[in-house]
K.L.:
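Before I ask anything, here is the structure I am working with.
Predicted, not measured: the structure shown is a model, and the values here were computed from it.
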Amino acid sequence: QVQLVESGGGLVQAGASLRLSCTASGRTFSTYRMGWFRQAPGKEREFVASITWRSEATYYADSVKGRFTVSKDNAKNTVYLQMNSLKPEDTAVYSCAASPVATRAYDYWGQGTQVTVSS
């Protein structure tokens, strides 16, 4: 199985930037895709961005396209979410998730890191 740990959240002003990190351990060789999700109080969890581990294909939600960039460091088994031009509506708990080759579903999740953007 895969264990995921996020870090890098914090409190920033609108327009600022943050970079979130998600470090994976365990059966990382079987990982097909790493994704970022977020959930604000009273709202459903929503997809933010993803990257395939081998091909580095990326996908973004329309709400963050052009502002957020997902990337990875193979040597560190870490995926990043660079968030620029942050808006108050970006405030949420951000979680990373791993999708194994076997299921192509997000079976493993981190504990989440809080991002708060003030106006």
K.L.:
Val115 and Gly9: which non-hydrogen atoms are nearest, and at how many Å?
P.N.:
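For Val115 and Gly9, the tightest heavy-atom pair comes out as CG2-CA, 4.1 Å.
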
K.L.:
May I have the step-by-step check of side-chain hydrogen bond (donor to acceptor under 3.5 Å, both in side chains) for Thr116 and Gln114, ending in yes or no?
P.N.:
CA-CA 6 Å; Thr116 303; Gln114 177 70 48; 3.3 Å; yes

K.L.:
Any side-chain heavy atom of Glu46 within less than 4.5 Å of one from Glu44?
P.N.:
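Not in contact.
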
K.L.:
According to side-chain contact (heavy atoms from CB on, under 4.5 Å), who are the partners of Ser17, at least two apart in sequence or on a separate chain?
P.N.:
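With sequence neighbours excluded, Ser17 shows a side-chain contact (heavy atoms from CB on, under 4.5 Å) to Gln82, Asn84, given in chain and number order.
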
K.L.:
Taking all non-hydrogen atoms of both residues into account, name the closest pair between Ala98 and Thr31 and its distance.
P.N.:
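Ala98 and Thr31 have their closest heavy atoms at CB-CG2, 4.4 Å.
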
K.L.:
Determine whether Trp36 and Phe47 make a side-chain contact, defined as any pair of heavy atoms from C-beta on separated by less than 4.5 Å.
P.N.:
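No; the side chains remain at least 4.5 Å from each other.
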
K.L.:
Which residue pairs satisfy the ring pair (Phe, Tyr, Trp, His ring centres under 6.0 Å) criterion with at least one member in residues 69-110, sequence neighbours excluded?
P.N.:
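Residue pairs with at least one partner in residues 69-110: Phe37-Tyr106, Phe37-Trp109.
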
K.L.:
Group every Ile, Leu, Val, Met, Phe, Trp and Tyr by side-chain heavy-atom contacts under 4.5 Å, then state whether Leu81 and Val12 land in the same group.
P.N.:
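Yes, Leu81 connects to Val12 through the hydrophobic network.
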
K.L.:
Could you tell me if the side chain of Leu20 sits less than 4.5 Å from the side chain of Thr113, heavy atoms only?
P.N.:
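Yes, at least one pair of side-chain atoms sits under 4.5 Å.
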
K.L.:
Please table the atom pairs, donor to acceptor, closer than 3.5 Å between any side-chain atom in residues 63-70 and protein atoms at least two apart or in another chain.
P.N.:
unit_1: Lys65; atom_1: NZ; unit_2: Asp62; atom_2: OD1; d: 3.1
unit_1: Arg67; atom_1: NH1; unit_2: Ser85; atom_2: O; d: 3.0
unit_1: Arg67; atom_1: NH1; unit_2: Asp90; atom_2: OD2; d: 2.8
unit_1: Arg67; atom_1: NH2; unit_2: Ser63; atom_2: O; d: 3.0
unit_1: Arg67; atom_1: NH2; unit_2: Asp90; atom_2: OD1; d: 3.0
unit_1: Arg67; atom_1: NH2; unit_2: Asp90; atom_2: OD2; d: 3.4

K.L.:
Quick one: are Val93 and Arg45 in side-chain contact, heavy atoms under 4.5 Å?
P.N.:
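Side-chain contact under 4.5 Å: no.
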
K.L.:
Using only heavy-atom distances, determine whether the side chains of Ser55 and Thr52 contain a donor-acceptor pair under 3.5 Å.
P.N.:
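There is such a pair between these side chains.
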
K.L.:
Among all residues two or more places apart in sequence or in another chain, which pass the salt bridge (Lys or Arg N to Asp or Glu O under 4.0 Å) test with Glu89?
P.N.:
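Checked Glu89 against salt bridge (Lys or Arg N to Asp or Glu O under 4.0 Å); zero matches.
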
K.L.:
Is there a path of hydrophobic side-chain contacts, each under 4.5 Å between heavy atoms, that joins Met34 and Tyr32?
P.N.:
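They do not share one cluster, since no chain of ILVMFWY contacts under 4.5 Å joins Met34 to Tyr32.
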
K.L.:
Quick one: which residue pairs count as a salt bridge (charged side-chain N to carboxylate O under 4.0 Å, His left out) with a foot in residues 20-29, not counting sequence neighbours?
P.N.:
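Qualifying pairs, neighbours excluded: none.
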
K.L.:
Is it true that Asn74 and Lys72 share a donor-acceptor pair across their side chains at a distance under 3.5 Å?
P.N.:
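Present: a donor and an acceptor within the cut-off.
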
K.L.:
Give a yes or no answer on whether the side chain of Thr78 reaches the backbone of Thr23 with a donor-acceptor pair at less than 3.5 Å.
P.N.:
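No, the answer is negative, given that no donor and acceptor are paired below the 3.5 Å cut-off.
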
K.L.:
With distance as the sole criterion, is a donor-acceptor pair present between the side chains of Ser50 and Arg33 under 3.5 Å?
P.N.:
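The criterion, which ignores hydrogens and geometry beyond distance, is satisfied for Arg33 and Ser50.
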
K.L.:
Which side-chain hydrogen bond (donor to acceptor under 3.5 Å, both in side chains) pairs, counting each pair once, include a residue from residues 5-14, with sequence neighbours left out?
P.N.:
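Every side-chain hydrogen bond (donor to acceptor under 3.5 Å, both in side chains) pair that includes a residue of residues 5-14, provided the two are not neighbours, is Glu6-Gln111.
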
